Amino acid sequence: MKEEEARKLIEAFFEADAQGKTIYMDADQVDEALDWLEDERYLDDYYRLLEVGLRLHPDYIPLLVRRCFQLIYEEKYKEAYDLATSLENSRNYEVYAVQIDSLFCLEEPEKALRLLEQRVEENCEDLDLLFADVADFLIQYKMLMASREVLKRGFELFPDSPDLKDEFNDFIALACELPQAMQICKDLVDAHPYTSEGWSMLGKLQVAAKEYNKALESFDFAALCGGDAEDPEIKMLRAYCHYMNDNQEEAIKLFEELREMPELRERIVPILAECYLRCQKYQESYTLLRQFIDQATDTIEISVLLNFHTCCLALKHWDEAESILELASELYSTNSIVLHRLVIAAVERNDLEDAVAQADRLFQSVAEDSYHMVMSENGHEEAKALFSQAIHLYKERDYDGALLCFRKAYETFPAMRIIEFFMAITYLKKKDIESYLNHTRYISPEEIETILDNWFLEKGNHLNNEPQAEFEHLSPSALVKAYLRNKSNRN
């Protein structure tokens, strides 16, 4: 039933109902109309139509199954179980599913699993769909241990079931417990070593666990077992593994192939450009990013702007470098790396006043978070006390005292490299350009950015607090979960 047809039928039905009349609807019409109401989340209308539909067709199994789920929703689990049990002779897998679901809700998991196993012994029709339905219910009700058992048994019987794979994807997205999910996959691979589905799923989870080499091996096994090596999802994950392994040439090859697909181009270009940038192929990266920025309709990610700025500097496109840095400053005014580049730009054009102003903004941007992060370090109490004192003295404009404390803190705890950054900024705040330049001679702009970025990443607080692009710079775990939640993906 088309959406417009369903809408008109439902409107006519409720209009007649308001007048005390009933329009006759075939059982399948009622069922399809209920599907539409459920999809649109019109639950009050859904239950009204279900009640009338059952009066018109009291023996129609799909409507009775819906009534069972209504009872579960109302927490009338025993009534739901009894109603489903009375319908057993229909030999309908949805009836069996409601029976089992009700038992789980009644906190009788052993009985539920025995009943599920009984259906296996009976070899009931649509058994794979029964497992998928039960797993779906358990996942929705967040019964994760039970859903794991059902999925594990289901995959033992039906390793290639796309419905079970969908539910497994939902389980991963909800549970976020990689060890459990990986164990299910490993059991599946052990039981069915020549099934591509198991190897593909294991590879995805290994990406999430940052086991990139193992993930590549799993994807290779999946291809050997007949899996689609050209599947865009798998190819993208393979490319991402190479990217994270710093095998940029192989990553570029795969990303270039994916860029030919119009629906993926927007997601691929930023990370492909970064691969070229890591290979110091600035012109290729510049060309990709210039076109991407020109065609952008939404806010451009900070990493895109910074990478494009790097390309402009490398290619000596000074005017473009200045304009893109201004845009980055407008969009991400508190981003530490943007502020740091503004400092460098001001120093290079001998604008001391602007350099000092930007340095002060940069210090204020990171000082508080840096203070809390340093204080959270285990041990090194002397260095932490000196760092704290240095921050205080800087704010009090005692820059000589701040430098002294920073220097002593760094000598005490040299692994705390964020201190080097603060020393350089303090020199600049003193308008001591020579000392600033001498200090940064030992810590390059690129290294400062790495220190800033890695320091905050290690502490779980990336300097870029803006929303991430769907693929670019997602954490591996988030990357995989984004794909797994998208049921339109193949494989």
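What you see is a predicted model, and the numbers here were worked out from it, not measured in a lab. FYI, side chains are in, hydrogens and waters are out, and symmetry mates aren't considered; it's all heavy atoms of this structure.
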Inset, instruction - Could you check E211, H242, Q206 and say which one makes a side-chain contact (heavy atoms from CB on, under 4.5 Å) with L216? - result: H242

Legend entry - For L138, the option from C105, S147, P109 that meets side-chain contact (heavy atoms from CB on, under 4.5 Å): S147

Could you grab the distance from atom [atom1] of [X] to atom [atom2] of [Y], nearest 0.5 Å is fine?
| X | Y | atom1 | atom2 | answer |
| --- | --- | --- | --- | --- |
| L288 | F292 | CG | CZ | 10.5 Å |
| L83 | Q70 | CG | CD | 10.5 Å |
| L339 | S336 | CG | OG | 6.5 Å |
| L305 | I300 | CG | CD1 | 5.0 Å |
| R278 | N247 | CZ | CG | 11.5 Å |
| H309 | I302 | NE2 | CD1 | 10.5 Å |

Within a strict 4.5 Å, meaning less than it, do heavy atoms of the [X] and [Y] side chains meet?
| X | Y | answer |
| --- | --- | --- |
| I61 | V65 | yes |
| K210 | Y212 | yes |
| I293 | I324 | yes |
| V30 | V52 | no |
| D82 | K78 | yes |
| L116 | Y96 | no |
| L254 | Y240 | no |
| L202 | F221 | no |

Going by atom types only, do [X] and [Y] share a side-chain donor-acceptor pair under 3.5 Å?
| X | Y | answer |
| --- | --- | --- |
| S329 | R361 | no |
| Q29 | D31 | no |
| E274 | S285 | no |
| Y46 | R66 | yes |
| N213 | E217 | no |
| Q291 | T287 | no |

Compare every heavy atom of [Y] with every heavy atom of [X], then report the nearest pair and how far apart it is.
| X | Y | answer |
| --- | --- | --- |
| I72 | Y141 | CG2-OH, 3.6 Å |
| G203 | F219 | C-CZ, 3.5 Å |
| L264 | P232 | CD1-CB, 4.0 Å |
| L54 | L64 | CD2-CD2, 3.9 Å |
| F104 | A146 | CE2-CB, 3.6 Å |
| I252 | C275 | CG1-CB, 3.5 Å |

Inset, instruction - Report yes or no: is the cationic atom of R238 (NZ for Lys, CZ for Arg) under 6.0 Å from the centre of the six-membered ring of Y243, at an angle within 45° of the ring normal? - result: no

Inset, instruction - Start with the C-alpha distance between L306 and V338, add both sets of side-chain angles, then the distance that settles side-chain contact (heavy atoms from CB on, under 4.5 Å), and finish with yes or no. - result: CA-CA 8 Å; L306 291 173; V338 172; 4.0 Å; yes

Legend entry - Candidate pair E260 and R265, rule salt bridge (Lys or Arg N to Asp or Glu O under 4.0 Å), full reasoning: CA-CA 7 Å; E260 298 303 314; R265 190 171 297 135; 5.3 Å; no

Legend entry - Proximity of Y77 and Y81 rings by center, below 6.0 Å: no

Inset, instruction - Check the pair Y73 / F69 against ring pair (Phe, Tyr, Trp, His ring centres under 6.0 Å), numbers first and verdict last. - result: CA-CA 6 Å; Y73 179 74; F69 280 115; over 10 Å; no

Inset, instruction - For the pair Y286 and F308, name the ring-plane relationship: parallel under 30°, tilted 30 to 60°, perpendicular over 60°. - result: parallel

Basic-acidic side-chain contact under 4.0 Å: [X], [Y]:
| X | Y | result |
| --- | --- | --- |
| R55 | E51 | yes |
| R119 | E88 | yes |
| E257 | K235 | yes |
| E149 | K152 | no |
| E117 | R114 | no |
| D44 | R48 | no |

Measure from the side-chain N and O atoms of [X] to the backbone N and O of [Y], and report whether any donor-acceptor pair falls under 3.5 Å.
| X | Y | answer |
| --- | --- | --- |
| D231 | E233 | yes |
| W199 | P193 | yes |
| S90 | L87 | yes |
| S333 | E330 | no |

Legend entry - CD (E266) with more than 12 external heavy atoms under 6.0 Å: no

Legend entry - More than 12 heavy atoms of other groups within 6.0 Å of E107 CD: no

Legend entry - side-chain contact (heavy atoms from CB on, under 4.5 Å) between V269 and F255, intermediate numbers included: CA-CA 8 Å; V269 166; F255 281 133; over 6 Å; no

Inset, instruction - Would you check, one step at a time, whether the test side-chain contact (heavy atoms from CB on, under 4.5 Å) holds for Y60 with D28? - result: CA-CA 9 Å; Y60 189 58; D28 59 343; 4.2 Å; yes

Inset, instruction - Decide yes or no on salt bridge (Lys or Arg N to Asp or Glu O under 4.0 Å) for D294 and R290, but give the supporting numbers first. - result: CA-CA 6 Å; D294 290 342; R290 178 74 276 174; 3.0 Å; yes

Inset, instruction - Report the C-alpha distance between E125 and R91 in whole Å, list the side-chain angles of each, state the deciding distance to 0.1 Å, and finish with yes or no for side-chain contact (heavy atoms from CB on, under 4.5 Å). - result: CA-CA 8 Å; E125 191 174 347; R91 303 189 66 79; over 6 Å; no

